[in-house]
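One structure is given here, and the rest of the page talks about it.
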4 protein chains.
Amino acid sequence: MNAEERKKQILEVAKRLFSKNGYYETQISDIVEAADIARGTVYQYFKNKDDIFATLLDSFYRQWEQAVSQGINEISIRTIDPVDYFRHRVRMTLVFFEGDREMCNIVLRMGHGLQRDFEAIMKKIEKRIYNLIMSDLELGIRAGNVRRDLNVELTANLLDGALLHIAYHYFVNKKGEKAAVDIEKLAGEVTAVFRDGIFCVPKQ
Amino acid sequence: MNAEERKKQILEVAKRLFSKNGYYETQISDIVEAADIARGTVYQYFKNKDDIFATLLDSFYRQWEQAVSQGINEISIRTIDPVDYFRHRVRMTLVFFEGDREMCNIVLRMGHGLQRDFEAIMKKIEKRIYNLIMSDLELGIRAGNVRRDLNVELTANLLDGALLHIAYHYFVNKKGEKAAVDIEKLAGEVTAVFRDGIFCVPKQ
Amino acid sequence: MNAEERKKQILEVAKRLFSKNGYYETQISDIVEAADIARGTVYQYFKNKDDIFATLLDSFYRQWEQAVSQGINEISIRTIDPVDYFRHRVRMTLVFFEGDREMCNIVLRMGHGLQRDFEAIMKKIEKRIYNLIMSDLELGIRAGNVRRDLNVELTANLLDGALLHIAYHYFVNKKGEKAAVDIEKLAGEVTAVFRDGIFCVPKQ
Amino acid sequence: MNAEERKKQILEVAKRLFSKNGYYETQISDIVEAADIARGTVYQYFKNKDDIFATLLDSFYRQWEQAVSQGINEISIRTIDPVDYFRHRVRMTLVFFEGDREMCNIVLRMGHGLQRDFEAIMKKIEKRIYNLIMSDLELGIRAGNVRRDLNVELTANLLDGALLHIAYHYFVNKKGEKAAVDIEKLAGEVTAVFRDGIFCVPKQ
DNA sequence: TATGAATGAGTATTCATTCAT
DNA sequence: GATGAATGAATACTCATTCAT
């Protein structure tokens, strides 16, 4: 096993344990035991326990950055139907969180409660999500698709909280249930609830 | 200072510190130092550190229970305008969280990330909020005020996440800012966003 | 309740708890709770926890002193049959220990293991018992009733250990059993085992 | 120093301190200081303080088990002279206790006073010693060597208490004295005291 | 690189004792 | 005398981190 693989292995194990037991209730002992490596090996690849956790958060942030930037540019928001665009954003968000339920759990459940240096990373993630929604809304207003009188700060927080909570509810809490979640249908229903409140479109 | 007051004093100090630094980063030493009492005194009133935290969560839950049960009964939901009722609920929720920003911070920020026995209390709080929204929606459907085709599970989570996130955003994150939050206005705007997506009312 | 009675009450309660749980596992809290008095009250009557225990040991020692000195003097040892005398001593010892099984338990079970100042008191008790047996044996030798070649140091220890162990076995360990112990019979049997080994008497 | 040696080292140091100061008056601090190791090292080898003590008691029990089972079987008791056999048992017991005076001190002095889980181990040791004596006596009765009318329960306790007390007296209390104890002579004298009271042999 | 024994600062908790009321 | 809230020194135990092999 080369260095890259070993580092990845440790991260995988740590992610599983952090997700299950939280940062403080996960010991280095648990990680080395689960990974079946020596205590010292962890410190060959990470400065300390914080570093492992921060690495996980950071890589999550990078993946999120990449995911939300995919296939969307200023052109498309002008050409496609704004409600379709909204639905697409919602679906993409849900798809992303579904992709890594353990990180989803870590970020959604314990993100806010983290002290130390993690708080900064979490704020960065939050800020990024928030800004994205904000810019979408502001673009929509300029394009005449979104109600001019909308309180964008409020709405951005509304959507932020709503989407993350749904992701948590369907992908973490209801994890054990048999029936797979139909994300397409979910995205449609979320859009339906918000459409008339946000967009300047004829009532269906 | 009698027993009741001393216990209350410890809880106040602990609440402030837990809110600021989280459960794990708050030491008994910090509490006794901030309260200017002896180490042992804490243990005259609480079994252990867990007990202090659980007492805070529990009392928060009890207050919330009382707050949401006030002035609303099955009659009123039939007589008052459903949208006004919704706005009222939103306002009450925000007023409640604004009333104790430290507990608001504790519950909203670190609630989910808590392991141990606290998880059970948090789940109870969440469940209670969720059920309240659910029952409101179901009553509305039966009364013909809420869209029949609404996915209530989804919408309850949507509203849950949205409201708590807004409370966190305006009462915890922006705490330092000068301008006081106009809760009445906020409640109106939240209602406006959700109204057409949830209720069977003529578009304004 | 006057001062004398209150002190006695505390001693009784403490004795019961020390006997049941040992010195270290008995807390002042346990004592005040069982006696239904305030914490501070204990310290009106005793200097500290040690003082309570030492008082118990000391009073036990005094009672023992008195008991063994009763009805025996140098005359009687010359006139009565030496074996009868031995049997009488054995019986008196057993009767004494049976009289206060809790102190019996404390002295026999935890006596040796005690550190601190108690060790001195225990040594005093042991020494007193040991010396008594020694002097009996030496008197017997001078009177020609006890074998001249007997190792009195060894025999005194033999008898000491044997008697205390029997007291412990029949009065503490077997405490719960229905059938009362027949001390008269016991004393006879103990005497029978030791008689020929110790005394210069014709074999029966 | 490998793991086995380190564990042994800690046990040795702990044994010395427990023997000197008792269980409750021996602190982990004392142990790590005496062993010149770090506080945490103790917990690499033992679950907690109880575990160290229990390990000592248990290993003592195991050694005793092995010692008493050596070289004696049902055959020998029938062929060798019963009094010689008795003397042999006494000598072996004394030799065993002399071999580890610190454990001797722990078991004989503080054994009975121990609460917690140690009580169970101590009872096991006591029971084992008691049963051994009992079975010897019963075998002797069946072989016609021991008086038929002997109260075996009483006698077993008599011998148990007597032997342990002698071991304590000669190996713990008089430890400092110059003249070494002549165990052979001691065993002979003990036998002489009990011989006529226990065995059916012509009076010498 | 990998190991895992050793480290020791840090933390919660206990409990005998005091003292103002 | 009686009370019991307050005290704080003492103690067991944890766990991230180091470093010689």
Side-chain angles (χ1 to χ4, degrees), chain A residues 1-3 6-7 10 23-33 35-52, chain B residues 1-7 10 24-32 35-52, chain C residues 1-3 6-7 10 23-33 35-52, chain D residues 1-7 10 24-32 35-52:
Chain A
M1 187 179 286
N2 66 32
R6 177 53 51 101
K7 188 162 187 173
I10 294 171
Y23 176 79
Y24 293 98
E25 308 265 0
T26 298
Q27 270 72 53
I28 293 290
S29 298
D30 301 329
I31 294 172
V32 300
E33 197 179 331
D36 199 29
I37 55 176
R39 298 178 80 73
T41 304
V42 169
Y43 292 88
Q44 301 274 358
Y45 296 94
F46 298 94
K47 227 169 95 271
N48 50 35
K49 189 182 163 187
D50 278 31
D51 189 27
I52 304 175
Chain B
M1 188 179 286
N2 65 30
E4 203 57 40
E5 288 168 345
R6 178 54 48 106
K7 188 163 187 173
I10 294 171
Y24 293 98
E25 307 267 358
T26 299
Q27 269 70 54
I28 293 290
S29 300
D30 301 330
I31 294 173
V32 300
D36 197 30
I37 54 176
R39 299 180 85 65
T41 303
V42 169
Y43 293 90
Q44 297 269 4
Y45 297 93
F46 299 95
K47 233 169 92 272
N48 50 35
K49 189 179 157 187
D50 277 34
D51 190 25
I52 303 175
Chain C
M1 188 180 286
N2 65 33
R6 176 57 49 104
K7 188 163 187 173
I10 294 170
Y23 176 79
Y24 293 98
E25 308 265 0
T26 299
Q27 269 72 52
I28 294 290
S29 298
D30 301 330
I31 295 173
V32 299
E33 195 179 332
D36 198 28
I37 56 175
R39 299 178 80 73
T41 304
V42 170
Y43 291 88
Q44 301 274 0
Y45 297 93
F46 298 95
K47 226 168 95 273
N48 49 34
K49 187 181 163 187
D50 277 32
D51 189 26
I52 304 174
Chain D
M1 188 180 287
N2 65 30
E4 202 56 41
E5 287 167 346
R6 178 53 49 105
K7 188 164 188 172
I10 294 170
Y24 294 98
E25 308 267 358
T26 298
Q27 270 69 52
I28 293 291
S29 299
D30 302 330
I31 295 173
V32 300
D36 197 30
I37 55 175
R39 299 180 87 66
T41 303
V42 169
Y43 293 90
Q44 297 269 5
Y45 297 93
F46 299 95
K47 228 168 93 276
N48 49 35
K49 190 179 156 186
D50 277 34
D51 189 27
I52 303 174

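Just so it is clear: chains get the letters A, B, ... in the order the sequence lines come, proteins before strands, and each one is counted from 1. Please read all numbers here as calculations on a predicted model, not as lab measurements. The figures that follow rest on heavy atoms only: side chains count, while hydrogens, waters and symmetry mates do not.
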Euclidean distance, atom [atom1] of residue [X] to atom [atom2] of [N] [Å, nearest integer]:
{"X": "I10(D)", "N": "dT7(E)", "atom1": "CD1", "atom2": "C1'", "value": "13 Å"}
{"X": "I28(D)", "N": "dT7(E)", "atom1": "CD1", "atom2": "C1'", "value": "16 Å"}
{"X": "F46(A)", "N": "dA2(E)", "atom1": "CZ", "atom2": "P", "value": "12 Å"}
{"X": "K7(C)", "N": "dA2(F)", "atom1": "NZ", "atom2": "C1'", "value": "17 Å"}
{"X": "K49(C)", "N": "dC15(E)", "atom1": "NZ", "atom2": "C1'", "value": "9 Å"}
{"X": "N2(D)", "N": "dT3(E)", "atom1": "CG", "atom2": "C1'", "value": "16 Å"}
{"X": "Y24(D)", "N": "dC15(E)", "atom1": "OH", "atom2": "P", "value": "11 Å"}
{"X": "D51(A)", "N": "dA16(F)", "atom1": "CG", "atom2": "P", "value": "14 Å"}

- Query: With nearest nucleotides of DNA chain E determined for D36(D) and A3(A) from heavy-atom distances, which residue corresponds to the more 5′ nucleotide?
  - Reply: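 It is A3(A) whose nearest nucleotide is closer to the 5' end.
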
- Task: Could you tell me whether N48(B) contacts a base, only the sugar-phosphate backbone, or nothing, with contacts defined as non-hydrogen atoms closer than 4.0 Å?
- Result: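 Sugar-phosphate: the residue N48(B), judged by heavy atoms under 4.0 Å, touches backbone atoms but no base.
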
- Message: Using a heavy-atom cut-off of 4.0 Å across all strands, would you classify Y45(A) as base, sugar-phosphate, or nothing?
- Response: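 Y45(A): backbone/sugar contact only, no base atoms under 4.0 Å.
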
- Item | Non-hydrogen side-chain atoms of V42(B) and N48(B) separated by less than 4.5 Å |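 In short, these two side chains do not touch, never coming nearer than 4.5 Å.
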
- Item | Close side-chain approach of D51(D) to Y45(D), heavy-atom, < 4.5 Å |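 Of all side-chain heavy-atom pairs linking Y45(D) with D51(D), none is under 4.5 Å.
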
- Message: Whether the side chain of K47(B) engages the backbone of I52(B) through a donor-acceptor N/O pair (distance < 3.5 Å, no angle test) should be reported.
- Response: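 It does not hold such a pair.
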
- Item | Side chain D30(B), main chain Q27(B), donor-acceptor under 3.5 Å |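 Pair found, side chain donor or acceptor close to backbone of Q27(B).
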
- Task: Looking only at non-hydrogen atoms, find the nearest pair between R6(C) and I37(C) and report the distance.
- Result: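 That would be NH1-CG2, 3.8 Å.
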
- For T41(D) and I10(D), work out which heavy atoms get closest and say how close.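 Taking T41(D) first and I10(D) second, the nearest heavy atoms are O-CD1, 4.4 Å.
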
- Message: Need to verify one output field. Residue with the more 5' nearest nucleotide on DNA chain F, T26(D) or A38(B)?
- Response: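 Here A38(B) is the residue nearer the 5' end.
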
- Item | K7(B) NZ to F46(B) CZ distance, which is reported to the nearest 0.5 Å |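 Separation between the atoms: 5.0 Å.
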
- Rounded to the nearest 0.5 Å, what separation is found between the CD1 atom of I31(A) and the CZ atom of R39(A)?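 Answer for the CD1-CZ pair, I31(A) versus R39(A), is 10.5 Å.
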
- Message: Can you identify which nucleotide, out of dT3(E), dT3(F), dT7(E), has its nearest atom closest to the T41(A) side chain?
- Response: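 The closest nucleotide is dT3(E).
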
- Please evaluate the base of dT18(F) for a donor-acceptor partner in the side chain of R39(A) within a cut-off of under 3.5 Å?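 Looking at the base of dT18(F), it does not pair with any donor or acceptor on the side chain of R39(A) (distance under 3.5 Å).
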
- Message: Is the terminal nitrogen or CZ of K49(C) (NZ for Lys, CZ for Arg) located under 6.0 angstrom from the six-membered ring centre of Y23(C) and within 45° of that ring's axis?
- Response: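 Checked: cation-pi criterion met.
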
- Would you tell me if any nitrogen or oxygen in the side chain of S29(D) comes within less than 4.0 Å of OP1 or OP2 on dT11(F)?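 Answer is no, no contact under 4.0 Å.
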
- Message: Measuring to OP1 and OP2 of dT14(F), would you say a side-chain N or O of Q27(A) lies under 4.0 angstrom away?
- Response: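 Result: no.
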
- Message: Expected output check: what is the dot-bracket annotation of DNA chain F, where ( ) and [ ] are pairs inside the strand (brackets for crossing ones), | is paired with another strand, and pairs are Watson-Crick or G-U under 3.5 Å?
- Response: .||||||||||||||||||||

- Message: Could you check whether atom CG of N2(D) has more than 12 heavy atoms from other residues, nucleotides or ligands sitting under 6.0 Å from it?
- Response: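 Atom CG in N2(D) is crowded, with more than 12 foreign heavy atoms closer than 6.0 Å.
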
Restricting to nitrogen or oxygen on both sides, can you table the protein-nucleotides 19-21 of chain E pairs closer than 3.5 Å?
none

